[in-house]
Amino acid sequence: MTTNDLIQEHAEECCFLWHQRSVAVFLPDVGLDQLDRLDERLLAHLDGLRVAGAAGIEALLPLVPGESGAAWAAAILCAEESRLGLLDRLLGGRAGDSAAAARRLDG
(Lines give C-alpha, C1' and ligand atoms only; values in the text may rest on other atoms or scores of the structure.)
Protein backbone atom coordinates (compact mmCIF):
# COMPACT_ATOMS: atom_id res chain seq x y z
CA MET A 1 0.00 0.00 0.00
CA THR A 2 1.40 3.37 -1.02
CA THR A 3 1.16 6.58 0.97
CA ASN A 4 -1.42 7.90 -1.49
CA ASP A 5 -3.49 4.74 -1.03
CA LEU A 6 -3.38 5.22 2.73
CA ILE A 7 -4.42 8.87 2.45
CA GLN A 8 -7.27 7.89 0.12
CA GLU A 9 -8.39 5.24 2.59
CA HIS A 10 -8.49 7.83 5.38
CA ALA A 11 -10.60 10.12 3.16
CA GLU A 12 -13.05 7.36 2.24
CA GLU A 13 -13.34 6.15 5.84
CA CYS A 14 -14.07 9.72 6.99
CA CYS A 15 -16.96 9.84 4.53
CA PHE A 16 -18.25 6.42 5.51
CA LEU A 17 -18.04 7.01 9.26
CA TRP A 18 -19.56 10.50 8.96
CA HIS A 19 -22.53 8.96 7.17
CA GLN A 20 -22.84 6.20 9.77
CA ARG A 21 -22.75 8.77 12.57
CA SER A 22 -25.28 11.06 10.88
CA VAL A 23 -27.72 8.14 10.76
CA ALA A 24 -26.87 6.64 14.15
CA VAL A 25 -27.41 9.89 16.04
CA PHE A 26 -31.15 9.66 15.28
CA LEU A 27 -31.61 5.97 16.12
CA PRO A 28 -33.28 5.41 19.49
CA ASP A 29 -31.31 2.22 20.22
CA VAL A 30 -27.88 3.84 19.72
CA GLY A 31 -26.35 4.98 22.97
CA LEU A 32 -23.76 7.62 23.72
CA ASP A 33 -21.09 4.96 24.14
CA GLN A 34 -21.69 3.77 20.56
CA LEU A 35 -21.61 7.34 19.25
CA ASP A 36 -18.39 7.90 21.17
CA ARG A 37 -16.79 4.88 19.48
CA LEU A 38 -17.90 6.17 16.08
CA ASP A 39 -16.52 9.61 16.92
CA GLU A 40 -13.17 8.13 17.96
CA ARG A 41 -12.88 6.21 14.70
CA LEU A 42 -13.96 9.22 12.66
CA LEU A 43 -11.47 11.51 14.40
CA ALA A 44 -8.68 8.95 13.99
CA HIS A 45 -9.16 9.07 10.21
CA LEU A 46 -9.34 12.87 10.33
CA ASP A 47 -6.01 12.79 12.20
CA GLY A 48 -4.56 10.63 9.41
CA LEU A 49 -5.63 13.26 6.88
CA ARG A 50 -4.29 16.03 9.12
CA VAL A 51 -0.86 14.36 9.28
CA ALA A 52 -0.88 14.08 5.47
CA GLY A 53 -1.17 17.88 5.25
CA ALA A 54 -2.08 19.27 1.84
CA ALA A 55 -2.31 15.75 0.40
CA GLY A 56 -5.07 14.99 2.92
CA ILE A 57 -7.12 17.95 1.78
CA GLU A 58 -6.47 17.12 -1.87
CA ALA A 59 -7.73 13.56 -1.32
CA LEU A 60 -11.02 14.93 0.02
CA LEU A 61 -11.71 17.52 -2.67
CA PRO A 62 -13.01 15.16 -5.38
CA LEU A 63 -15.36 13.61 -2.81
CA VAL A 64 -16.87 16.89 -1.57
CA PRO A 65 -19.69 17.29 -4.14
CA GLY A 66 -21.40 14.03 -3.16
CA GLU A 67 -20.19 13.42 0.37
CA SER A 68 -21.11 15.58 3.35
CA GLY A 69 -18.40 13.80 5.37
CA ALA A 70 -15.76 14.93 2.88
CA ALA A 71 -17.04 18.50 3.09
CA TRP A 72 -16.93 18.34 6.91
CA ALA A 73 -13.38 16.97 6.99
CA ALA A 74 -12.12 19.33 4.27
CA ALA A 75 -13.62 22.35 6.03
CA ILE A 76 -11.92 21.44 9.30
CA LEU A 77 -8.55 20.84 7.67
CA CYS A 78 -8.74 24.01 5.56
CA ALA A 79 -9.63 26.11 8.60
CA GLU A 80 -6.82 24.56 10.67
CA GLU A 81 -4.27 25.27 7.92
CA SER A 82 -5.65 28.78 7.24
CA ARG A 83 -6.49 27.83 3.65
CA LEU A 84 -9.37 30.26 3.74
CA GLY A 85 -9.59 30.73 -0.02
CA LEU A 86 -10.07 27.01 -0.51
CA LEU A 87 -12.53 26.90 2.38
CA ASP A 88 -14.49 29.72 0.74
CA ARG A 89 -14.62 27.76 -2.54
CA LEU A 90 -15.77 24.66 -0.65
CA LEU A 91 -18.59 26.66 0.86
CA GLY A 92 -19.57 28.04 -2.52
CA GLY A 93 -18.40 31.56 -1.74
CA ARG A 94 -20.52 31.83 1.39
CA ALA A 95 -17.53 32.13 3.75
CA GLY A 96 -16.58 35.47 2.23
CA ASP A 97 -20.14 36.71 2.62
CA SER A 98 -20.15 35.66 6.27
CA ALA A 99 -16.84 37.40 6.93
CA ALA A 100 -18.10 40.61 5.28
CA ALA A 101 -21.32 40.44 7.33
CA ALA A 102 -19.33 39.92 10.53
CA ARG A 103 -17.16 42.96 9.73
CA ARG A 104 -20.29 45.07 9.19
CA LEU A 105 -21.69 43.94 12.53
CA ASP A 106 -18.42 44.66 14.32
CA GLY A 107 -18.64 48.19 13.22
Side-chain angles (χ1 to χ4, degrees):
M1 179 176 273
T2 68
T3 302
N4 287 337
D5 291 338
L6 185 58
I7 293 168
Q8 190 62 40
E9 186 173 329
H10 282 305
E12 291 169 3
E13 285 294 312
C14 260
C15 294
F16 173 73
L17 292 168
W18 176 262
H19 176 73
Q20 276 196 324
R21 190 193 190 287
S22 68
V23 171
V25 75
F26 293 106
L27 297 176
D29 59 331
V30 174
L32 291 177
D33 56 329
Q34 292 164 302
L35 287 175
D36 185 51
R37 283 195 301 275
L38 268 174
D39 286 347
E40 286 180 19
R41 290 177 57 206
L42 177 59
L43 293 175
H45 287 289
L46 182 64
D47 284 343
L49 293 168
R50 186 178 285 123
V51 168
I57 295 171
E58 296 303 320
L60 290 165
L61 293 180
L63 304 174
V64 167
E67 295 283 349
S68 59
W72 169 81
I76 289 172
L77 296 176
C78 285
E80 288 176 350
E81 292 193 14
S82 297
R83 294 185 66 181
L84 302 180
L86 181 54
L87 179 58
D88 187 49
R89 284 199 314 266
L90 285 172
L91 297 174
R94 290 186 298 268
D97 295 343
S98 298
R103 284 192 299 276
R104 285 193 301 273
L105 289 174
D106 286 339

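Values below: all heavy atoms of this structure, side chains included; hydrogens, waters and symmetry mates excluded.
- Heavy-atom minimum distance, Ala74 versus Leu60: N-CD1, 3.6 Å.
- Distance check, rounded to the nearest 0.5 Å: CD of Gln34 to CG of Asp36 gives 10.5 Å.
- If you take CD on Glu9 and NE2 on His45, they are separated by 7.0 Å, rounding to the nearest 0.5 Å.
- Hydrophobic cluster membership is shared by Val23 and Leu32, with clusters built from Ile, Leu, Val, Met, Phe, Trp and Tyr side chains linked at under 4.5 angstrom.
- Contact annotation: the side chain of Leu17 never approaches that of Arg21 to less than 4.5 Å [non-hydrogen atoms, C-beta and beyond].
- Within 6.0 Å of CG in Leu27 there are more than 12 heavy atoms belonging to other residues, nucleotides or ligands.
- Sorted by first then second residue, the side chain to side chain donor-acceptor pair (under 3.5 Å) pairs that include residues 46-71, not counting sequence neighbours, are Trp18-Ser68, Asp47-Arg50, Arg50-Glu80.
- In terms of modelled atom types and a separation under 3.5 Å, the side chain of Glu13 and the main chain of His10 share no donor-acceptor contact.
- Taking each heavy atom of Ile7 and Ala59 in turn, the nearest pair found is CG2-CB, 3.6 Å.
- A 4.5 Å side-chain heavy-atom check between Val30 and Leu38 finds every atom pair outside the cut-off.
- Of all the heavy atoms in Leu63 and Gln8, the pair that sits closest is CD1-NE2, 4.1 Å.
- Grouping the Ile, Leu, Val, Met, Phe, Trp and Tyr side chains by contacts below 4.5 angstrom, directly or via other members, places Leu49 with Leu43.
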From CA spacing to verdict: side chain to side chain contact (heavy atoms under 4.5 Å, CB included), Ser22, His19: CA-CA 5 Å; Ser22 68; His19 176 73; 4.2 Å; yes

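- One distance of note links CG of Leu77 with SG of Cys14; it measures 8.0 Å at 0.5 Å rounding.
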